[in-house]
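Step one of this worksheet: look at the structure below.
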Amino acid sequence: MIKQKNADKQQNFFADVYEVVKLIPKGRVTSYGAIAHYLGAKSGARMVGWAMHGCPKNVPAHRVVNSQGLLTGKVHFNPPSAMGAKLKKEGVRVAKDKVQLFAEIFWDPSKEL
DNA sequence: AATCTGACGGGCA
DNA sequence: GTGCCCGCCAGAT
């Protein structure tokens with residue numbers, strides 16, 4: 001996986017990302033940018049997405065969507081439809097890989113945490 | 001060693 | 001209002 005040489009820096013970022021994601025209340029969602037911003041890397045949304053690439057099972061990555069509330073990363077799930085299904089099961093209204101009422105169920109770490 | 005891509009975001013044309 | 005481009009960090013080819 002990650003180069004241990006740079007792992008130090010990433011580990012902190014990853015740990016924070018995972019921590020925040022795991023703290024997302026049930027029925028709520030957040031965006032990559034929000035997490036990135038919370039971590040200080042306001043433009044490092046990509047990095048957050050990449051971090052999710054290795055999301056442990058204990059990390060509800062399905063609650064993390066892009067700024068549009070779109071389940072862009074659902075394709076990385078197993079199966080991809082599981083993402084929307086889980087969200088829906090948690091009370092999140094999802095339609096066509098899109099989170100409904102995103103603004104209402106949006107959970108901002110830097111604001112809520 | 002160099003270049004492109006990537007589960008994104010925000011700004012500018 | 002829509003579309004395109006640039007910037008962030010790291011990895012993979």
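In what follows, chains carry the letters A, B, and so on, assigned in the order in which the sequence lines appear, proteins first and then strands, with residues in each chain numbered from 1.
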Open item on the list: In terms of relative ring orientation, are A/Tyr18 and A/Phe14 parallel, tilted or perpendicular, with 30° and 60° separating the classes?
Closed with: perpendicular

Open item on the list: Check this for me: A/Lys88, atom NZ, are more than 12 non-hydrogen atoms of other residues, nucleotides or ligands nearer than 6.0 Å?
Closed with: no

Open item on the list: The criterion is side-chain hydrogen bond (donor to acceptor under 3.5 Å, both in side chains); which residues satisfy it with A/Asp97, sequence neighbours excluded?
Closed with: A/Lys74

Task: B/dC4 and C/dC5, which share atom name P, separated by this distance in whole Å - done: 15 Å

Task: Charged N-O contact under 4.0 Å between A/Glu90 and A/Arg28 - done: no

- [ ] Strictly below 4.0 Å, heavy-atom distances to any atom of DNA chain B: list the hits from residues 24-32 of chain A, or just say none.
- [x] A/Ser31, A/Tyr32

Task: Partner set under side-chain contact (heavy atoms from CB on, under 4.5 Å) for A/Ala45, not counting sequence neighbours - done: A/Tyr32

Open item on the list: Base, sugar-phosphate or nothing for A/Ala61? Non-hydrogen atoms, less than 4.0 Å.
Closed with: base

- [ ] Write down the atom of A/Gly84, the atom of A/Val94, and the distance for their closest heavy-atom approach.
- [x] O-CG2, 4.0 Å

If we only count heavy atoms from C-beta on, is the [X] to [Y] side-chain gap below 4.5 Å?
X	Y	value
A/Val92	A/Ile105	yes
A/Arg63	A/Lys26	yes
A/Val21	A/Ile35	yes
A/Phe106	A/Val99	no
A/Trp107	A/Val20	yes

Task: Outermost DNA chain B nucleotides near chain A [under 4.0 Å, heavy atoms] - done: B/dG6 to B/dG9

- [ ] Go ahead and write out DNA chain B as dot-bracket, 5' to 3': ( ) for pairs within the strand, [ ] for ones crossing earlier pairs, | when the partner sits on another strand, dots for unpaired; Watson-Crick or G-U wobble, both distances under 3.5 Å.
- [x] .|||||.||||||

Task: Heavy-atom donor-acceptor pair, A/Asp108 side chain to A/Glu112 backbone, under 3.5 Å - done: no

Task: Summary of protein contacts for nucleotides 3-8 of chain C, nucleotide by nucleotide, where a base hit scores B, a sugar-phosphate-only hit scores S (4.0 Å, heavy atoms) - done: ----BB

- [ ] Take A/Val64 and A/Met52 through the side-chain contact (heavy atoms from CB on, under 4.5 Å) test and state the conclusion after the steps.
- [x] CA-CA 9 Å; A/Val64 185; A/Met52 292 280 106; 4.2 Å; yes

